[in-house]
Number of protein chains: 2
Amino acid sequence: MDQKAKTLPNAGINPNVSVDCVIFGFDFEELKVLLIQRKEGPDQDLAREGRWALPGNLIRDDESLDTAAGRVLGELTGLERIYLQQFQAFGNPDRVRRQADAEWLHYMREQPNARVITVAYFSLVKLHGFEPQPRSFARNVAWFPIDEVPDLAFDHNEIVESGLLALQRILRQRPIGFELLPRKFTLGQLQRLYEAILRRPLDKRNFRKKMLKKDILVALDEKQQGVPHKPAQYYRFDKQKYAEWEEKNLDADFDVVPV
Amino acid sequence: MDQKAKTLPNAGINPNVSVDCVIFGFDFEELKVLLIQRKEGPDQDLAREGRWALPGNLIRDDESLDTAAGRVLGELTGLERIYLQQFQAFGNPDRVRRQADAEWLHYMREQPNARVITVAYFSLVKLHGFEPQPRSFARNVAWFPIDEVPDLAFDHNEIVESGLLALQRILRQRPIGFELLPRKFTLGQLQRLYEAILRRPLDKRNFRKKMLKKDILVALDEKQQGVPHKPAQYYRFDKQKYAEWEEKNLDADFDVVPV
DNA sequence: GGGGAACGTGTACTTATTACACTAACTTTG
DNA sequence: CAAAGTTAGTGTAATAAGTACACGTTCCCC
């Protein structure tokens with residue numbers, strides 16, 4: 001039985017399940033999403049009409065969902081050890097139908113109506129100083145401001161929407177915003193990040209008060225340089241201190257947002 | 001191509017994706033989980049050694065994930081319009097392997113190493129006055145206290161754990177506890193429900209103060225009868241009032257728990 | 001009618017949230 | 001080199017929320 005499997009071009013790949021990643025980045029001004037256009041080839045009409053889509057792929061039979069998402073991300077960005085979290089599975093019967101190309105022919109005969117279920121992840125990338133390169137399955141890669149996401153392939157607009165909601169929810173439970181910033185950052189940058197994700201203005205003094213009180217930031221011996229205004233103090237996030245905070249507040253949310 | 005599909009016993013069923021439900025109930029004392037033992041038959045060794053398992057099933061090609069979960073629940077309990085929410089997909093490569101029975105033989109040849117991905121839902125049932133009957137795919141059905149869940153089939157223990165965490169999280173964001181109680185209930189019962197889910201004691205006066213202040217409960221003209229202590233006031237949850245609360249507090253959690 | 005059991009209530013203290021405006025430090029421009 | 005532009009950085013007073021805590025009440029049962 002393995003013999004036949006090995007002769008199939010897609011052996012070892014699960015034709016029913018994919019992962020898709022909503023990759024967020026922050027350029028100190030806006031929240032952005034990384035989208036791709038697929039290469040020509042057998043997958044071509046999966047993203048019909050050249051539309052932009054979320055990076056994603058069918059999973060292999062030997063990898064977990066998390067691993068598959070990490071693989072997709074790695075293939076696309078070359079980055080590893082990136083914040084990655086599953087947030088929802090999508091499986092409406094009309095969402096994605098596999099194309100009836102030769103490679104899946106056997107399978108299509110047996111499951112003419114099956115659709116692809118996708119497990120969606122969101123991912124946070126320090127886009128500071130990182131420009132994604134088209135590679136592997138992507139013909140084209142680009143960051144889009146979250147407010148200017150075009151019509152995407154399949155149900156990917158819905159997935160982006162849900163991903164943003166998930167990000168907002170989790171931002172108020174854990175300090176994941178730092179995953180989107182370089183090691184050193186200013187409080188102003190951090191506040192703009194929170195405002196970009198939550199999509200509302202926050203009071204500067206209250207935000208700083210609440211953030212500093214958590215005692216998870218350490219001020220560096222360094223200030224901004226070359227800015228046309230009063231230079232800001234740099235801080236970094238202290239993982240160790242956050243772990244301590246967490247231990248003392250086992251059940252509580254990590255909420256730095258004035259409601 | 002449909003011809004061949006129709007001759008297959010499992011046509012229209014997706015062999016790679018299932019849904020599983022963590023069904024919670026509350027008997028005024030403990031939080032409970034509904035588990036099943038499967039019927040003998042082709043599925044028999046899916047739940048090896050007669051172990052208890054979560055209710056679940058492979059999905060059909062013509063239904064959404066939510067629909068599939070609702071179907072499983074309906075087949076099992078006869079109940080409909082029950083609180084049901086997806087919380088996580090599980091897909092470790094070693095979690096569940098399809099058995100190589102005759103029905104899936106074609107498929108098994110092509111995907112010898114595929115495993116079943118499952119999308120897990122949690123569900124809240126008013127178990128008050130409801131006794132589940134073994135039916136459809138279940139040989140045996142029973143409620144287990146959340147602290148006394150036995151060794152389950154596959155990775156179902158892990159799924160139950162995650163389901164409880166998801167329930168705890170969401171209980172602090174929305175007033176879903178009422179889904180586990182009958183229409184009329186006392187504040188004491190409500191508090192015990194919160195304590196059972198969150199697994200810690202809450203201060204009675206503070207809990208009542210916070211809960212009543214939300215203005216989502218209405219006192220009924222009725223008190224407990226036949227109890228060997230001072231009879232408690234009955235209340236009911238007012239969905240309309242909660243909708244109003246929600247509108248006024250768009251971003252906030254619905255948190256009635258003294259931290 | 002006494003004991004057992006859960007119900008129902010209030011207050012004083014501490015902590016968190018909110019709203020709000022000006023000076024400081026740097027660059028650029030004229 | 002002075003003025004304009006820009007963001008940084010800071011404090012307080014008023015209100016709201018959270019916390020800790022104890023005792024009389026009302027029913028049933030014996």
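All chains are named by letter (A, B, ...) in the order of the sequence lines, taking the proteins before the strands, and each is independently numbered beginning at 1. In what follows, every heavy atom counts, from backbone to side chain, and hydrogens, waters and symmetry copies are set aside.
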Novice: Take the protein atom NZ of A:K213 and the nucleotide atom C1' of C:dT14, then report the distance between them rounded to whole Å.
Specialist: 11 Å
Novice: Looking at A:D27 and A:K32, does any basic side-chain N land under 4.0 Å from a carboxylate oxygen?
Specialist: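 A:K32 and A:D27: salt-bridged.
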Novice: Who passes side chain to side chain donor-acceptor pair (under 3.5 Å) against B:Q191, sequence neighbours left out?
Specialist: B:E195
Novice: Test: salt bridge (Lys or Arg N to Asp or Glu O under 4.0 Å). Region: residues 142-152 of chain A. Which pairs qualify, not counting sequence neighbours?
Specialist: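 Listed by first then second residue: A:D147-A:R199.
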Novice: Which letter, B, S or -, goes with each nucleotide of nucleotides 5-13 of chain C from 5' to 3', with contact meaning a protein heavy atom under 4.0 Å?
Specialist: BBBBBBB--
Novice: Grab the CG-C1' distance between A:L202 and C:dT17 for me, whole Å please.
Specialist: 14 Å
Novice: To the nearest angstrom, how far is A:K210 atom NZ from C:dT18 atom P?
Specialist: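 Those two atoms, NZ and P, are 7 Å apart.
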Novice: Without decimals, in angstroms, what is the distance between B:D255 CG and D:dT19 C1'?
Specialist: 15 Å
Novice: Taking ring pair (Phe, Tyr, Trp, His ring centres under 6.0 Å) as the definition, give me every residue that meets it alongside B:F254, ordered by chain and number, with sequence neighbours left out.
Specialist: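 Ring pair (Phe, Tyr, Trp, His ring centres under 6.0 Å) list for B:F254, sorted by chain: B:Y242, B:W245.
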Novice: Identify, with sequence neighbours excluded, every residue that meets side chain to side chain donor-acceptor pair (under 3.5 Å) alongside B:R236.
Specialist: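 Partners of B:R236 by the side chain to side chain donor-acceptor pair (under 3.5 Å) criterion come out as none, since no residue qualifies.
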Novice: To the nearest Å, how far apart are A:M211 CE and D:dA8 C1'?
Specialist: 17 Å
Novice: Can you give me the bend angle of the helix from C:dG1-D:dC30 to C:dG30-D:dC1? Use the axis through the first five pairs and the one through the last five, nearest 10 degrees.
Specialist: 10°
Novice: Show me the donor-acceptor pairs within less than 3.5 Å that the side chains of residues 213-223 of chain A make with the rest of the protein, sequence neighbours left out.
Specialist:
residue, atom, partner, partner atom, Å
A:K214, NZ, A:D255, O, 3.4
A:E222, OE1, A:K184, NZ, 3.4
A:E222, OE2, A:K184, NZ, 2.4

Novice: Rounded to whole angstrom units, what separation is found between the CZ atom of B:F207 and the P atom of D:dT19?
Specialist: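 Taking CZ of B:F207 and P of D:dT19, I get 14 Å after rounding.
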Novice: With sequence neighbours excluded, give me every side chain to side chain donor-acceptor pair (under 3.5 Å) pair touching residues 79-88 of chain B.
Specialist: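 Checked against side chain to side chain donor-acceptor pair (under 3.5 Å) - neighbours excluded - the pairs reaching residues 79-88 of chain B are B:Y83-B:Q85.
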Novice: Please tabulate, for side-chain N and O atoms in residues 160-171 of chain A, each donor-acceptor pair with protein atoms closer than 3.5 Å (sequence neighbours left out).
Specialist:
residue, atom, partner, partner atom, Å
A:S162, OG, A:E158, O, 3.1
A:Q168, NE2, A:I197, O, 2.8

Novice: Rounded to the nearest Å, what distance is computed from the CG atom of residue B:D253 to the P atom of nucleotide C:dT17?
Specialist: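 About 13 Å, once rounded to whole Å.
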Novice: Separation of B:R172 atom CZ from D:dG18 atom P, in whole Å?
Specialist: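 So the CZ-P distance, B:R172 to D:dG18, works out to 11 Å.
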